[in-house]
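Have a look at the structure below, then the notes.
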Amino acid sequence: LIKSISVDASFFTTDNLEQLYIVVDDELSKYSGNGILLHTYSNKILGNISLVDASNPLRLLLFYRDFVQIIFLDKTLSAIGGNILLENLEFEQAILTCTSNDNGFWLYDTQNFQLIRLDQNLKTTHNSGPINQLLGVEILPNYLIEYNNFVYLNDPAMGILVFDIYGTYYKTIPLKGLASFQIIGDNLFYFSNNTLNSHHLKTLEASTIDLPDTGTVSVRIEKRKLFLLKENSLDIYSINY
């Protein structure tokens with residue numbers, strides 16, 4: 001154990017520099033990998049933060065689902081440009097967003113059941129077409145991330161739907177019931193039954209990492225750091241694996 005941060009967090013995320021981002025309602029706090037507070041950000045007008053994508057630590061994406069707005073922040077948690085009002089772009093029913101390459105972003109629009117990518121000029125560059133028609137079922141996704149030229153859209157009932165960088169459906173990874181996950185290299189990590197599980201995307205080999213304590217709500221791993229969110233704290237561990 002490196003440090004235990006006393007906090008009643010809504011959720012948290014990390015970046016590939018081992019930096020930690022904790023959300024408590026409308027406030028985002030950034031910590032070093034050793035648990036030192038670096039910066040904070042809050043926008044009282046937009047209310048609670050729905051998600052944070054720290055895939056690019058120099059350009060964080062914050063999504064406010066209630067107001068269907070996106071804000072990008074730099075490494076000091078200062079706003080980059082103005083708010084992006086998805087309602088003005090006719091995506092008022094967007095429920096998920098994530099960072100994309102070249103300063104773009106993806107969103108999932110429940111009105112048209114589509115994954116849609118917009119560039120930094122807010123122009124649509126790619127879309128998946130209606131996923132409900134493509135798969136023959138309606139999906140209820142809860143998590144979205146782009147990694148290494150693939151887009152991963154999680155539906156707890158179906159598994160993880162994988163699309164290429166152009167929004168073309170590729171396959172479904174049959175891991176069900178997930179709230180979130182991480183992809184590092186060829187390994188997909190997810191938390192289940194107080195265990196951090198690893199699923200190799202190519203060989204399909206599965207492995208587990210036992211966690212040091214019970215009562216964990218969610219987990220992330222970055223290089224040699226393990227981050228465990230509990231009811232009243234966030235614990236940072238060094239690990240060997």
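- Taking each heavy atom of L77 and L60 in turn, the nearest pair found is CD2-CD2, 4.0 Å.
- Counting heavy-atom neighbours within 6.0 Å of Q93 CD, excluding the residue itself, gives a total above 12.
- Two residues are said to be in side-chain contact when any heavy atoms from C-beta on lie closer than 4.5 Å; I70 and L62 fail this criterion.
- Here the CZ-OG1 distance, from F227 to T216, works out to 14.0 Å after rounding to the nearest 0.5 Å.
- At a threshold of 4.5 Å between side-chain heavy atoms, the hydrophobic network of Ile, Leu, Val, Met, Phe, Trp and Tyr places Y190 and I209 in two separate groups.
- For the pair N16 and P57, the tightest heavy-atom approach, listed with the atom from each and the gap, is OD1-CG, 3.9 Å.
- Of the possible donor and acceptor atoms, none in the side chain of N121 sits under 3.5 Å from a partner among the backbone N and O of K123.
- Between the side chain of D155 and the backbone N or O of L140, at least one donor-acceptor pair lies under 3.5 Å.
- None of K223, Q182, Q19 except one satisfies the side chain to side chain contact (heavy atoms under 4.5 Å, CB included) rule with T14; the exception is Q182.
- Between the side chain of E146 and the main chain of N101, a donor-acceptor pair closer than 3.5 Å is present.
- Using modelled atom types, one finds no donor on one side chain facing an acceptor on the other under 3.5 Å when comparing N197 with T195.
- Residues L153 and I131 have side chains in contact (heavy-atom distance under 4.5 Å, counting atoms from C-beta outward).
- Put simply, the side chain of S128 gets close to the backbone of L115: a donor and an acceptor are under 3.5 Å apart.
- Not a single donor-acceptor pair under 3.5 Å links the side chain of N34 to the backbone N or O of I36.
- Two rings, from F150 and Y170, have their centers less than 6.0 Å apart.
- Using a distance-only test at 3.5 Å, with no hydrogens or angles considered, no donor-acceptor pair links the side chain of N83 to the main chain of L85.
- In plain terms, the two heavy atoms of T40 and S29 that are nearest each other are CG2-OG, 3.6 Å.
- If you take CG on N132 and CG on N112, they are separated by 9.5 Å, rounding to the nearest 0.5 Å.
- The shortest distance between side-chain heavy atoms of W106 and I116 does not fall below 4.5 Å.
- Side-chain N or O atoms of D164 include one that pairs as donor or acceptor with a backbone N or O of Y166 at under 3.5 Å.
- In this structure the side chain of S4 reaches within 4.5 angstrom of the side chain of S233, judged on heavy atoms.
- Put simply, the side chain of R65 gets close to the backbone of I95: a donor and an acceptor are under 3.5 Å apart.
- Side-chain contact, N154 with N142: a donor N or O sits under 3.5 Å from an acceptor N or O.
- Although no hydrogens or angles enter the test, the distance criterion places a donor-acceptor pair under 3.5 Å between the side chain of N127 and the main chain of G129.
- Here Y143 and F181 bring their ring centres to under 6.0 angstrom of each other.
- Put simply, the side chain of S198 never gets that close to the backbone of F189: no donor and acceptor are under 3.5 Å apart.
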